[in-house]
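Data block below; observations after.
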Amino acid sequence: MSSKVIRSLAEPHAGSPLEDVVPLLQQQDALNSPAAEGRSATGSVQRIPRHENSRINGRFSFTDSYEKGSLLVAINCVAGLAIFFFGYDQGLMSGVNNSPDYVNHMQYGYVDPDGTVHVTDSAKQGGIVAIYYFGTLLGCFLGGYLGDRLGRINSIGVGAVWAMIGTLLQSSAQNAQWMSYSRIVSGVGTGILNTVVPVWSAETAETKSRGQFIALEFTLNIFGVAAAYWLEYSLSAIGGGFSPIRWRVPVAFQAVPLFALCAIIWAFPESPRWLVMNGRNEEALYILQRLRGTDTSEAEDEYKDIVSNVQLVHQNSDKISYFRMFFGIGSGNLHIGRRVQLVVWLQILQEWIGIAGVTVYAPTMFADAGFSAGSAELLSGLNNICYMLSTLVNAFTVDRIGRRRTLFWGAIGQAITMFLAGAFSKFHEEHPSEAGYGGLAATSIFVYTSIFGATWLVVPFLYPTEIFPLEVRTRGNAFAVFGWSIGNGWLTLLCPVMFDLYGYKTLYVFAAINVLTIPIVWALYPETSQRTLEEIDLLFASNSPWVWDAEKEFERLKAGHPEVLHNAQDGPHDPPTV
């Protein structure tokens, strides 16, 4: 998107929502000189030579060794490693809570001689699990700050080291207080990673396959959930189930992916958008050419889009704070405050449609459906495998049918299956001799989890990486992790209490919230699929929060200027590479 096109869209006229940024746009011509755009004076594409900072003391660099599809796959894998840790950490406490040695150390219940755990203080049990999300809440804001100040790569390294410290503290915990403080430390590291990694992925991915790129990473997220569960399940028989190995080894295992991430992340390319923000234009163009290739003008076009917005970024950078972002102070017609509210509530809704309860308290749900403790744990593990496989559906549909339709069909399916799970659990409670009702309740949970993995798992994490302007993208994603922390922590704390008090009726609450999300998404969340990160600012230019007004304003702004969509629609481009 050239500065001339942006300026033409922003020319003052009646009703224009962008007229207040025209003075800033008029200062951008210097940034679009042939030298800055990586083209010769004749306009031909020139290959930028390997940047002097791409290798340091002969250290291996993925940027120098791979390009295009192979480099994108490598980025996808290392980002997936961080997301794997995120999933593993989420699924960890499901098995830990059932370890007799853990229960005795934390003192929130007692254990029968046969190893059966009886929880006498469900608030304490839930509190130890939920306090982790207080740490992620702190970490997300720290991650947003570090991501903009230190860069995406350095911030990922900091988050991994921080989370490793929390892992070591958790695995050596001797009481509830020790465990709680350790989980806060670990949560801070997770918050940093969850804020920065998706942004780094989105900023390096191709426009046409951005959703698929992140969706594939979240397949590893659920693989982490499943890995945690099955590791705990395989250790549950050691020492008759009473051994501390049953919970300390799975907790300590978190350090493995974190150590691998720390060792390898420095060999990967920095976000070209962050590099341009910090005046490292030549390095940014070199990385874009490695990511997109030099056989087409795609890298140069994308580079021009980024550069054409940098002057506006620098003019506003000193005015930005989390407080101002949250309330939309000083953002004018960029409507940053509206975007913050959208991502916070999307994350809260994601947790309250039921997945947080299923992930941590699935054995309780299956037990309520009439299964024995052993069968309930086995079913929980199998459910996680189905969950993991279902995420592959998301990878191949989220860019094709869009973010909104993905959320729509997911909410409908999840509402139906949650309601059926509650109804069948009720029938089993009323007719305990009829084993079929319990099986139908379990099947409904399986189907619910698979639908969630194919729909709502990815979009609430993908959407925040797309809708914020470059100058606040990591801080914007920090608000998404803030919403995730609030929703997850709140629900994780209340889940054991809700199941104790209301049993199967808790599932009806989740079903109702799924229904509620449908009109919310329809009215407030515009489609971002197949739109470049730079042009999405125009999608939020309308003063109205309603989707239909946003789309109408977007169409008006680009009317007569189809070239504004060259990155999203014009070719020739490579097909999605992952």
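None of these values were measured; they are calculated from a predicted model. Values reported hereafter were calculated over all heavy atoms of this structure, with side chains retained and with hydrogens, waters and symmetry mates removed.
Atom CZ of F223 sits in a sparse spot, with 12 or fewer heavy atoms from other residues, nucleotides or ligands closer than 6.0 Å. Enclosure of atom CH2 in W409 by more than 12 non-hydrogen atoms of other residues, nucleotides or ligands within 6.0 angstrom is indicated. A 6.0 Å sphere centred on CZ of R338 holds more than 12 heavy atoms belonging to other residues, nucleotides or ligands. No more than 12 heavy atoms of other residues, nucleotides or ligands sit less than 6.0 Å from atom CZ of F419. More than 12 heavy atoms of other residues, nucleotides or ligands shown are found within 6.0 angstrom of OH on Y508. Counting non-hydrogen atoms of other residues, nucleotides and ligands closer than 6.0 Å to CZ of F134 gives a total of 12 or fewer.
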| said: Run the ring-ring contact (aromatic ring centres under 6.0 Å, His included) test on Y322 and F326 for me, step by step, so that the C-alpha distance in whole Å, both residues' side-chain angles and the decisive distance to 0.1 Å come before the verdict. | reply: CA-CA 6 Å; Y322 284 120; F326 187 81; over 10 Å; no

| said: What verdict does the side chain to side chain contact (heavy atoms under 4.5 Å, CB included) test give for F141 and F479, after you've listed the backbone C-alpha separation in whole Å, the side-chain angles of each residue and the deciding distance to 0.1 Å? | reply: CA-CA 8 Å; F141 292 118; F479 279 107; 3.9 Å; yes

| said: I'd like to know whether Y525 forms a side chain to side chain contact (heavy atoms under 4.5 Å, CB included) with I520, so could you lay out the CA-CA distance, the side-chain angles of the two residues, the decisive distance to 0.1 Å, and finally the verdict. | reply: CA-CA 8 Å; Y525 289 83; I520 292 175; 3.9 Å; yes

| message | Using the rule given for side chain to side chain contact (heavy atoms under 4.5 Å, CB included), can you reason through W456 versus I353, listing the C-alpha separation, both sets of side-chain angles and the distance that settles it, and then say yes or no? | response | CA-CA 9 Å; W456 273 78; I353 58 179; 3.7 Å; yes

| query | Yes or no on side chain to side chain contact (heavy atoms under 4.5 Å, CB included) for F461 and Q347, after CA distance, side-chain angles and deciding distance? | reply | CA-CA 8 Å; F461 288 98; Q347 287 283 0; 3.6 Å; yes

| Taking it one step at a time, do S450 and S390 satisfy side-chain hydrogen bond (donor to acceptor under 3.5 Å, both in side chains)? | CA-CA 5 Å; S450 297; S390 70; 4.8 Å; no

| query | Could you walk me through whether T465 and N477 pass the side-chain hydrogen bond (donor to acceptor under 3.5 Å, both in side chains) check? | reply | CA-CA 6 Å; T465 69; N477 198 47; 6.0 Å; no

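Between Y133 and W490, the ring center distance fails the sub-6.0 Å criterion. Here W484 and F86 bring their ring centres to under 6.0 angstrom of each other. In this structure, the ring of W522 has its center less than 6.0 angstrom from the ring center of W548.
For R531 and E551, the salt-bridge test passes: some basic side-chain N is under 4.0 Å from an acidic carboxylate O. For the pair E270 and R280, the salt-bridge criterion is not met [side-chain N within less than 4.0 Å of a carboxylate O]. Here K552 does not pair with E555 in a salt bridge; the nearest charged N to carboxylate O distance is not below 4.0 Å. Using a 4.0 Å cut-off between charged side-chain N and carboxylate O, D399 and R210 make no salt bridge.
For W345, the ring pair (Phe, Tyr, Trp, His ring centres under 6.0 Å) test picks out no residue, with sequence neighbours left out. With sequence neighbours left out, E527 forms a salt bridge (charged side-chain N to carboxylate O under 4.0 Å, His left out) with no residue at all.
Between the side chains of Y132 and T190, at least one donor-acceptor pair of N or O atoms lies under 3.5 Å. Between the side chains of S271 and E203, at least one donor-acceptor pair of N or O atoms lies under 3.5 Å.
Atom CD1 of I192 and atom SG of C140 lie 10.0 Å apart (nearest 0.5 Å). The line from OH of Y303 to CG of N281 is 3.5 Å long, rounded to the nearest 0.5 Å.
In this structure, F268 and F62 have parallel ring planes: the angle between them is below the 30° cut-off, well short of the 60° mark. Classified by interplanar angle (parallel below 30°, tilted 30° to 60°, perpendicular above 60°), the ring pair F499/F510 is perpendicular.
Panel note: side chain R473, backbone V199; no donor-acceptor pair is recorded below 3.5 Å. Counting only distance, with no hydrogens or angles, the side chain of R152 and the backbone of W200 share no donor-acceptor pair below 3.5 Å.
For L334 against R339, the heavy-atom pair with the smallest separation is O-NH2, 2.7 Å. Among all heavy-atom pairs drawn from L72 and A205, the shortest one is CD2-CA, 4.3 Å. When all heavy atoms of V459 and V398 are compared, the pair lying nearest together is CG2-CG2, 4.0 Å. Here the closest heavy-atom approach between residue S201 and residue E217 is recorded as OG-OE2, 2.8 Å. Residues P272 and T204 share a closest heavy-atom pair of CD-CG2, 4.2 Å. Here the closest non-hydrogen pair linking S186 and A163 is OG-O, 4.1 Å.
Across T417, N383, N384, a single residue satisfies side chain to side chain donor-acceptor pair (under 3.5 Å) together with T449, and that is N383. The only member of L457, V458, T455 that meets side chain to side chain contact (heavy atoms under 4.5 Å, CB included) when paired with T406 is T455.
Side-chain contact check for I75 versus F213: some heavy-atom pair is nearer than 4.5 Å. Side-chain contact between Y88 and L220 is absent, with no heavy-atom pair separated by less than 4.5 Å.
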